[in-house]
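By convention in this document, chain letters (A, B, ...) are assigned in the order of the sequence lines, proteins followed by strands, and residues within each chain are numbered from 1. The shown structure was predicted, so the numbers you read here are calculated from the model rather than taken from an experiment.
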Amino acid sequence: MRIATFNVNGVNGRLPVLLRWLEETRPDVVCLQELKAPQEKFPEDAIAKAGYGTIWHGQKSWNGVAILARGGKPLETRRGLPDGLADDQSRYIEAAVNGLVIGCLYLPNGNPAPGPKFDYKLAWFARLHAYAAQLLEMGVPAVLAGDYNVMPTELDVYKPERWLTDALFRPEVRDAYAALVAQGWTDSLRQLHPGERLYTFWDYFRNAYARDAGLRIDHLLLSPSLAPALKAAEVDRHVRGWEKASDHAPTWIELAD
DNA sequence: ATGCCTAATCGCATTAGA
């Protein structure tokens, strides 16, 4: 079973790229972030024609998350983090697919830091931490996939010293990610590629992709019961080189049945 | 210290991304 995460940076502007990639790789489950489309403007029919059923949580202009399942429709289990706190940003959606809980998240960017956006990022991270702990307590097989907007370690940044004060790399944020993983989650990509420089994002600026000036910020975390099933974890980095590409590349894992 | 590039919304320049 192949599960992918892809920050599309505009699901309508990116539709040809998304469909081309779906056709090429045929993942079983796909988590999308940054739809940048209101609920009624999600391209459900075009994606259905490609063979995928979808649930999504849209928002005008910004954010937005979706889960696609090949040959079916994901059974939605949550929309927004389940702590009852008011949050007008569409950043979390969750479904049951093939006996797994799939959480699709778009963690806030948080720049500029310090400031209210950075505070919101840390608060959102704390809410995710609390809910992730609940998932582990329930003992369900779960994948938390998405754009975490965190480079976990220096190995995940092309030039760490340049990013020390950035909201994606500040110590508080790296600590929050480490604390989340320490609950018992497995960082799939790092698990299978220890010590390797792997990026999932390349800025549009300064010819970053050609220079391989990238960041690893899209992650797939596995609950303990799923960790032994991890067979592969890769980045479809060639997709970043396509015409009209997103600044993120699709990232995926393969789990044994 | 700032803009670079790109999308969305707008209807031309601004906001946000990371």
When rounded to whole Å, the CG to P distance for the pair A/L35 and B/dA16 reads 19 Å

With DNA chain B as reference, determine whether A/K117 or A/R206 sits nearer its 5' end, using the nearest nucleotide of each.
A/R206

So does A/R26 have more than 12 non-hydrogen atoms from other groups sitting under 6.0 Å from CZ?
yes

CG of A/N207 versus P of B/dT6: gap in Å, rounded?
10 Å

Expressed in angstrom and rounded to an integer, what is the separation of A/F205 atom CZ from B/dT6 atom P?
9 Å

For residues A/L122 and A/E172, report the shortest heavy-atom separation together with the two atoms involved.
CD2-CB, 4.1 Å

Could you tell me how far apart A/H248 (NE2) and B/dC5 (C1') are, to the nearest whole angstrom?
14 Å

Across the strands shown, which category fits A/D218 at heavy-atom distances under 4.0 angstrom: base, sugar-phosphate, nothing?
nothing

So if I take every side-chain heavy atom of A/P38 and compare against B/dA8, B/dT9, B/dG17, which nucleotide ends up nearest?
B/dT9

Between atom CD in A/Q59 and atom C1' in B/dT15, what is the gap in whole Å?
14 Å

Rounded to the Å, how far apart are A/R14 CZ and B/dT6 P?
10 Å

Under 6.0 Å from the CD atom of A/E243, do we count more than 12 heavy atoms belonging to anything else shown?
no

Here the distance between atom P of B/dT15 and atom CH2 of A/W62, to the nearest Å, is 10 Å

A/Y204 has its side chain closest, among B/dC5, B/dA8, B/dG3, to B/dC5

Identify, with sequence neighbours excluded, every residue that meets side-chain hydrogen bond (donor to acceptor under 3.5 Å, both in side chains) alongside A/E137.
none

What does A/N149 touch in the nucleic acid at a heavy-atom separation under 4.0 angstrom: a base, only the sugar-phosphate, or nothing?
sugar-phosphate

On DNA chain B, does the nearest nucleotide to A/N63 precede the nearest nucleotide to A/K60 from the 5' side, or the other way round? Give the residue.
A/K60

Pick base, sugar-phosphate or nothing for A/F169, based on heavy-atom distances below 4.0 Å to the nucleic acid.
nothing

Please determine whether a side-chain nitrogen or oxygen atom of A/K244 lies at a distance below 4.0 Å from atom OP1 or OP2 of B/dA7.
yes

Sticking with atom C1', work out how far B/dG11 lies from B/dA1, rounded to a whole angstrom.
32 Å

Whom does B/dT9 pair with, Watson-Crick or G-U wobble, provided both distances fall under 3.5 Å?
B/dA13

Send over the distance from A/R162 CZ to B/dT2 P, rounded to a whole Å.
15 Å

Considering only atom P, compute the distance from B/dT6 to B/dT2 and round it to an integer number of Å.
23 Å

Looking only at heavy atoms, the pair that brings A/L107 and A/N149 closest together is O-ND2, 2.8 Å

